[in-house]
There are 2 protein chains.
Amino acid sequence: MSSTIPSTRVKNPEELGRYLLKERRSLKLTQKEISEFTDVGRKFILELEKGKKNARIGKVFELIDALGMELHLVKRGDR
Amino acid sequence: MSSTIPSTRVKNPEELGRYLLKERRSLKLTQKEISEFTDVGRKFILELEKGKKNARIGKVFELIDALGMELHLVKRGDR
DNA sequence: AATAAAAGTTTCCGATCTGGGACTTTTTTA
DNA sequence: TAAAAAAGTCCCAGATCGGAAACTTTTATT
């Protein structure tokens, strides 16, 4: 299937972190607030936003969800 | 920006694993082969494909790349 | 500029990962 | 259906995570 939803490619943990930070800011949420209504600690958010390479995927999904976002897989080179 | 690239939403580690397995199969690659040309071990691939919750994000990116795919972030509810 | 809030840093430490190797089970294919 | 290949399981050991809490630095607000 095909979609016309705006999406941002993230190539690596650095880009992921940068984007999550940007999104959190635009939602006017603090790290503390998010850590309070999710299962994700403040330190985790802090480190992920700074590009942590080894964060655990389950928690990454939780945080993405908390920020009102989704993760999509795209086949490279598809047209 | 907007795109018309086919993408598959992955909500959690289970869906991610399922999709990566499907993609690996369609590329006719074995776990062993991938582990040989990447920095990702066979056991890691095995467990991720089975939906491992705590896989580390850096290796997930490596595997996605090895399978010729990209990860995209999408704002939920955007139209 | 002073105060407060948010963000970033550091330490401690139990929990869990990851790769390697060896073995078993399942699937493929000749 | 027999052999080979792939996938899955198990144990080990060293590495790293991630929460909590206390502290420092940066940013925001008055």
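This one's a predicted model, so the numbers in the text were calculated from it and none came from an experiment. Residue numbers begin at 1 in each chain, while the letters A, B, ... track the order of the sequences. Because only heavy atoms are used, hydrogens play no part in the values below, and waters and symmetry mates are left out as well, while side chains stay in.
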I'd like to check B:Arg9 versus B:Arg76 (side-chain heavy atoms, cut-off strictly below 4.5 Å). Are they in contact?
yes

Side-chain touch A:Ile34/A:Leu67, heavy atoms, less than 4.5 angstrom:
yes

Out of C:dT18, D:dT9, C:dG20, whichever nucleotide has its closest atom nearest the side chain of B:Lys50:
D:dT9

Is there a donor-acceptor pair closer than 3.5 Å between any side-chain N or O of A:Lys11 and the backbone N or O of B:Asp65?
no

Please check this pair: side chain of A:Arg56 against backbone of B:Arg56, looking for a donor-acceptor N/O pair closer than 3.5 Å.
no

Whole-Å distance separating the CG atom of B:Leu48 from the P atom of D:dG8
12 Å

May I have the distance from B:Ile57 (atom CD1) to D:dG18 (atom P), rounded to whole angstrom?
11 Å

What's the NZ-P distance between A:Lys59 and C:dT16, to the nearest Å?
11 Å

Which whole-number value in Å describes the distance from A:Lys52 NZ to C:dC17 P?
14 Å

Within residues 13-41 of chain B, which residues have any heavy atom lying less than 4.0 Å from an atom of DNA chain D?
B:Arg24, B:Thr30, B:Gln31

When the distance from CZ of B:Arg56 to P of C:dT16 is rounded to whole Å, what number comes out?
12 Å

Exam field: side chain B:Arg24 to backbone B:Leu29, donor-acceptor pair closer than 3.5 Å
yes

Does B:Leu71 reach the side chain of A:Leu73, with side-chain heavy atoms less than 4.5 Å apart?
yes

d(CZ, A:Phe44; P, D:dG18) in whole Å:
5 Å

Distance in angstrom units between B:Leu46 CG and D:dC10 P, rounded:
12 Å

Partner of B:Glu14 by salt bridge (charged side-chain N to carboxylate O under 4.0 Å, His left out), out of B:Lys53, B:Lys52, B:Lys50
B:Lys53

B:Lys43 atom NZ is separated from C:dG21 atom P, nearest whole Å, by 12 Å

Counting only side-chain N and O atoms of A:Asn54, is one of them less than 4.0 Å from OP1 or OP2 of D:dT16?
no

Taking for each residue the nucleotide of DNA chain C with the nearest heavy atom, is it B:Glu47 or B:Arg42 whose nucleotide lies nearer the 5' end?
B:Glu47

